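The block underneath contains the structure these notes are about, expressed in structure tokens.
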Amino acid sequence: MRRADAPASSLLLARRLLALLRTERGWMLTGTMIALLSTLAGIGLIAVSGHFITAMALAGASGAAINYYTPAALIRLLAIVRTLGRYLERLITHDATLRLLARLRSWLFARLAPLAPARLTVLRSAELFSRLRADIDALEHAYLGIAIPAVTAITVMFSALIVALIYMPWLGACLAALFAVSAWYLPWQASQHGKKPGAETVACAEALRELTADGLRGRAELVLYGAEAMHAERIVKMTAQQQQARRKLDGLQAMGSAGVMLCAQLAVIGALALGLPALHEGTLAGPDLVMLALLAQASFEAVAPLPEAWAQWGATLASAQRVFALADTPPAIEEPAQVSPTIEHFDLSIRQLRLRYNETASWALDGVNLDLPQGARLALVGPSGAGKSSLMGALLRFYPFEGRIALGGIPLENLGGDEVRSHIAVVEQQPYLFDASLRENLKLGRPDVTDEELRTVITQARLDSYVDSLPHGLDTWVGENGIRVSGGEARRIAIARALLMDAPILILDEPTEGLDAVTANELYDSIAVAARGRSLLVITHRLGKLCSLVDEVAVMRDGRVVERLPVEAYRSRFIPDAQTMHEPSSTALS
Ligand SMILES: Nc1ncnc2c1ncn2[C@@H]1O[C@H](COP(=O)(O)OP(=O)(O)OP(=O)(O)O)[C@@H](O)[C@H]1O
């Protein structure tokens, strides 16, 4: 049953892939046609040249006069078509490939974006990266490595058969048999035997990427625990396994190529064996025999790439299957069918909110009730695992939930995810800085922002002296390979980003966690400016000096808000000396 299903699903995958790439079909078709034309011209050149040289030799020997001009002109034409065709083929097919790549990547990215973060957290980043890169590359290779060789080989075989049948039907039959062996049997055998090592190579490559990425991320721990050699050993073992599988594949490919070459030589022998008697009988001219033998041999040049193309086909389908499976994953959050209603005010109300990360997990939020009226300033405190970040995830419409959250009286389910997030600015504990300039990083939520507006928020976020100290100011590269950004600076950049968003609600997730007292102190001013005129929700384990930013405190424990009280009452409960802010330990809350 499974076997009967397989071709249908392969066909379906191929059709879906073609449909996806239809916007580029003009370029693809042009490239294919030019590739075909230049291959046919190359084969024609060999056959016609053989014919011409033989005819000239025979004419020279017998002293007969022959027409030099027509074949010489034809040879020149074929040579020009072949040379120009090769050049144009490279140009157009590579351009088409790059277009395909861009189209596939942007398509997949657009399909993945709504899956973040709820659906993508189940995939390890290396796996996701591998799918985005290697699988898309494999799909893009389908055009250059499979479609063009297949179309070219089929057309060349068909043309060679017609010519052979016209001159010698038996040569046609002989060629048909040899084409069947080289274009179907050998590639089929290669693909059957190549399945296992092929899958192994892909799996090893993925594992190697994961191992390398993991080793780089955890390099400090590897050095600290003296485990570098052990990690390196695992990489070496995996590389050896990959090389072993690769060797098997290379062996199969070499055997396939040798088989095709053998078929080409057999075709020449066949042409001569069948043609020589005809030559003696006078039913076939000498130049025609040479032309047929050369044509038969040259046709196999077009057949030669087929074993690899065939082997590639299985890997391409496997890649297509993985990519489509990922792209078809339904988003965790369903967007409302109708246009979001206009929000009149920004009161937030949460009732009986429950959230868990999968069907079998325990509830991360288990009946949260909380109000954040417009303009209110509230701190949400609680020990690790109490559910503070989960509450933020639900508010931002990242995760599905039970119960009710309403923004301006409108249930979140009736608002689009982007609509909700456009009203809530978040300053994360560890803001991500893209591998780009500071300007690009700041403009993330507002690409159209003017330099003047940028300057204003930079001043408000107290980033001005930092920006002035940078070698290229706002154009300084700050991402992975750029300058080092301290925890405090990164937080300020995030605050400036949030200010640019101009959202009525601001959420700060552990805004001073990991910062020294001086840096944290400096940050309060920036936060106070960012919070002005907005509802503020500060998420933290320990309130500390953040209490100066809020009026009330909600205490979370075990997925619920267990208490809400004015900030003074909260402080007096835990802090005998409010000036030094001895810790209101999160465990003391429980
Ligand atoms: N992406 C996730 N997948 C599965 N479980 C999760 C995920 N995120 C959080 N949890 C679980 O949900 C519960 C609440 O975690 P959450 O991160 O919301 O708490 P928190 O109060 O923000 O903790 P912290 O202050 O340490 O960040 C915990 O039991 C945690 O293990």
Side-chain angles (χ1 to χ4, degrees), residues 112-128 217 326 329-333 348 350-370 372 378-403 405 412 417 420-421 424 426-432 487 490-491 494 505-515 520 527 536-547 549-550 552-564 570 574 583-590:
L112 289 184
L115 302 184
R119 294 283 191 230
L120 296 185
T121 42
V122 292
L123 285 171
R124 283 166 296 177
S125 58
E127 190 181 346
L128 191 60
R217 275 195 300 263
L326 188 61
T329 311
I333 303 287
L348 253 178
I350 300 170
R351 290 288 172 276
Q352 288 306 318
L353 177 66
R354 298 181 92 203
L355 182 151
R356 60 178 168 179
Y357 289 93
N358 60 60
E359 298 282 292
T360 51
S362 50
W363 293 98
L365 299 177
D366 196 5
V368 174
N369 292 305
L370 190 72
L372 186 72
L378 178 73
L380 193 63
V381 296
S384 183
K388 305 180 296 293
S389 306
S390 303
L391 180 62
M392 182 168 77
L395 281 177
L396 293 169
R397 273 247 333 119
F398 281 152
Y399 295 96
F401 56 80
E402 290 178 13
I405 304 180
L412 242 50
V420 172
R421 289 185 286 273
I424 305 176
V426 179
V427 175
E428 291 187 85
Q429 187 179 350
Q430 284 173 334
Y432 187 79
R491 233 75 60 102
I505 300 170
L506 176 65
I507 298 182
L508 305 172
D509 187 7
E510 301 287 5
T512 52
E513 187 72 14
L515 300 184
I527 297 175
L536 177 68
L537 185 66
V538 180
I539 294 176
T540 183
H541 292 91
R542 291 175 294 193
L543 197 54
K545 284 192 177 176
L546 287 167
C547 61
L549 297 169
V550 296
E552 283 180 288
V553 178
V555 180
M556 265 198 103
R557 196 163 56 234
D558 299 333
R560 285 185 199 173
V561 174
V562 291
E563 196 179 8
R564 182 168 181 154
Y570 179 82
F574 295 109
E583 303 302 331
S585 135
S586 53
T587 44
L589 296 166
S590 35

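As the structure is a prediction and not an experimental result, all values here were calculated from the model. We count ligands from 1, going down the list as the structure has it; atoms in each ligand are counted the same way.
The shortest N/O to N/O separation between A364 and ligand 1 does not fall below 3.5 Å. In terms of polar-atom proximity, defined here as any N/O pair under 3.5 Å, K388 does make such a contact with ligand 1.
Residue D366 places its CG atom among more than 12 non-hydrogen atoms of other residues, nucleotides or ligands, all under 6.0 Å distant. Crowding of Q430 atom CD: a count of heavy atoms from other residues, nucleotides or ligands under 6.0 Å not exceeding 12.
Heavy-atom proximity to S389, at under 4.0 Å, picks out these atoms of ligand 1: 17 (O), 18 (O), 20 (P), 22 (O), 27 (O). With ligand atoms numbered from 1 in the order given, ligand 1 contributes 14 (C), 15 (O), 16 (P), 18 (O) to contacts under 4.0 Å with heavy atoms of S390.
For A361, the closest heavy-atom approach to ligand 1 does not fall below 4.0 Å. Taking 4.0 Å as the cut-off, G387 counts as a neighbour of ligand 1 on heavy-atom distance.
At a heavy-atom distance under 4.0 Å, only side-chain atoms of H541, from C-beta outward, approach ligand 1. Contacts of P383 with ligand 1, taken as heavy-atom pairs under 4.0 Å, involve the backbone alone.
Under the salt bridge (Lys or Arg N to Asp or Glu O under 4.0 Å) criterion, R351 pairs with D371, sequence neighbours left out. D509 pairs by the salt bridge (Lys or Arg N to Asp or Glu O under 4.0 Å) definition with nothing, not counting sequence neighbours.
Partner V368 forms a side-chain contact (heavy atoms from CB on, under 4.5 Å) with one of L391, L380, I405, L355 and no other, that one being L391.
You'll find the side chain of L365 stays beyond 4.5 Å of the side chain of F401, heavy atoms only.
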